[in-house]
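First the structure, in the form of structure tokens, and then the observations on it.
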Amino acid sequence: GSQATANPYQIALDGAGNLYVGDYSGKNVAKVPAGGGSATLVNFGTPGSTALQNLTGVALDGAGNLIVGDHQGSRILVVTPGGVVSVLSISGLSPALGFPTALAFDQAGNLYIADFTNGRVIKVSSLVVAGSTASGLATVIATGSYSFSGSTLTGMAVDPQGTIYLAARTQNSSSIIKVLPSGAASVLPTTGLTPAVSNPQGVAADAMGNIYVVDTNN
């Protein structure tokens, strides 16, 4: 339709095939109906009486709750299928969540958050969404010998087997870092690719286990 976006960051699909677009500069999420048609904006109101900042990651859980990264607000917003909005309360995390970027769920319903400010991946388990409240327990994912400095971790995905893929601009020799459920970390092979991947900033995994990389410099 006529709905414009400004700097879209991440997209997600719900079970019905509706597309959600996290619009960074537009500070909104656009919902594009399955099969086409005019897009609408998700209504956030003013959760926590704080205006939305730049929005980044979007993801949907098995119950249809929309999870959104309020980047410069350093918080995660939850919108139920009925339109009730809350701020996710994350316990067990120190330091607190910095600017979130990419979001993803695994098959067990755990939420993963790329913490841009602190250069880490946060796993939120025991996620409970009940009306106007949402909460979960956080742990930090170990990434072996690979580390991420602040303001680099832009992309993340989780495949059906629970393997995590991380894209951090200008980090780890422009490689995608693969973290197995066991905790073992390695570089995702891209043998034979010419030119080589450079400054990857996004990554996704499909149901068949194929990996897609946003190769920014190329």
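Given the structure is predicted, the values throughout are model-derived calculations rather than measurements. We use all heavy atoms of the structure for the numbers below, so side chains are in, but hydrogens, waters and symmetry mates are not.
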So which heavy atom on Gly69 is nearest to which on Pro100, and how close?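 For Gly69 and Pro100, the tightest heavy-atom pair comes out as CA-CG, 4.1 Å.
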
List the residues meeting side-chain contact (heavy atoms from CB on, under 4.5 Å) with Asn118, not counting sequence neighbours, and say none if there are none.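 For Asn118, the residues satisfying side-chain contact (heavy atoms from CB on, under 4.5 Å) (neighbours in sequence not counted) are Pro95, Asp115, Arg120.
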
Partner set under side-chain contact (heavy atoms from CB on, under 4.5 Å) for Ala96, not counting sequence neighbours: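 So Ala96 forms no side-chain contact (heavy atoms from CB on, under 4.5 Å) with any residue.
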
Counterpart residues, salt bridge (Lys or Arg N to Asp or Glu O under 4.0 Å), relative to Asp23 (two or more places apart):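 In terms of salt bridge (Lys or Arg N to Asp or Glu O under 4.0 Å), with neighbours along the sequence ignored, Asp23 is linked to no residue.
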
How many angstroms lie between atom CD1 of Ile113 and atom CE of Met156, to the nearest 0.5 angstrom?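 Reported value, rounded in 0.5 Å steps: 7.5 Å.
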
Atom NE2 in His71, atom CG in Leu55: separation rounded to 0.5 Å?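 Answer rounded to 0.5 Å: 10.5 Å.
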
Between the main-chain N or O of Ser149 and the side-chain N or O of Gln171, is there a donor-acceptor pair closer than 3.5 Å?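 Yes.
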
Is the backbone of Gly26 close enough, under 3.5 Å, to the side chain of Asn28 for a donor and an acceptor to pair up by distance?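 Yes, because the side chain of Asn28 sits within donor-acceptor range (under 3.5 Å) of the backbone of Gly26.
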
Co-members of the apolar cluster containing Val84 [side chain, <4.5 Å]: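 Traced through the cluster, Val84 reaches no other member.
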
By the side-chain hydrogen bond (donor to acceptor under 3.5 Å, both in side chains) test, which pairs, at least two apart or in different chains, include something from residues 99-114?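 Listed by first then second residue: Asp106-Asn110, Asp106-Tyr112.
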
May I have all residue pairs that pass side-chain hydrogen bond (donor to acceptor under 3.5 Å, both in side chains) and include part of residues 9-21, sequence neighbours excluded?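 Pairs touching residues 9-21 that pass the test: Asp14-Asn18, Asp14-Tyr20.
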
Quick one, Ile164 and Leu166 - any side-chain contact, counting heavy atoms below 4.5 Å?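 When only atoms from C-beta onward are counted, Leu166 and Ile164 do touch, with a gap below 4.5 Å.
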
Does atom CD1 of Ile11 have more than 12 heavy-atom neighbours from other groups under 6.0 Å away?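 Open: at most 12 neighbouring heavy atoms sit under 6.0 Å from CD1 of Ile11.
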
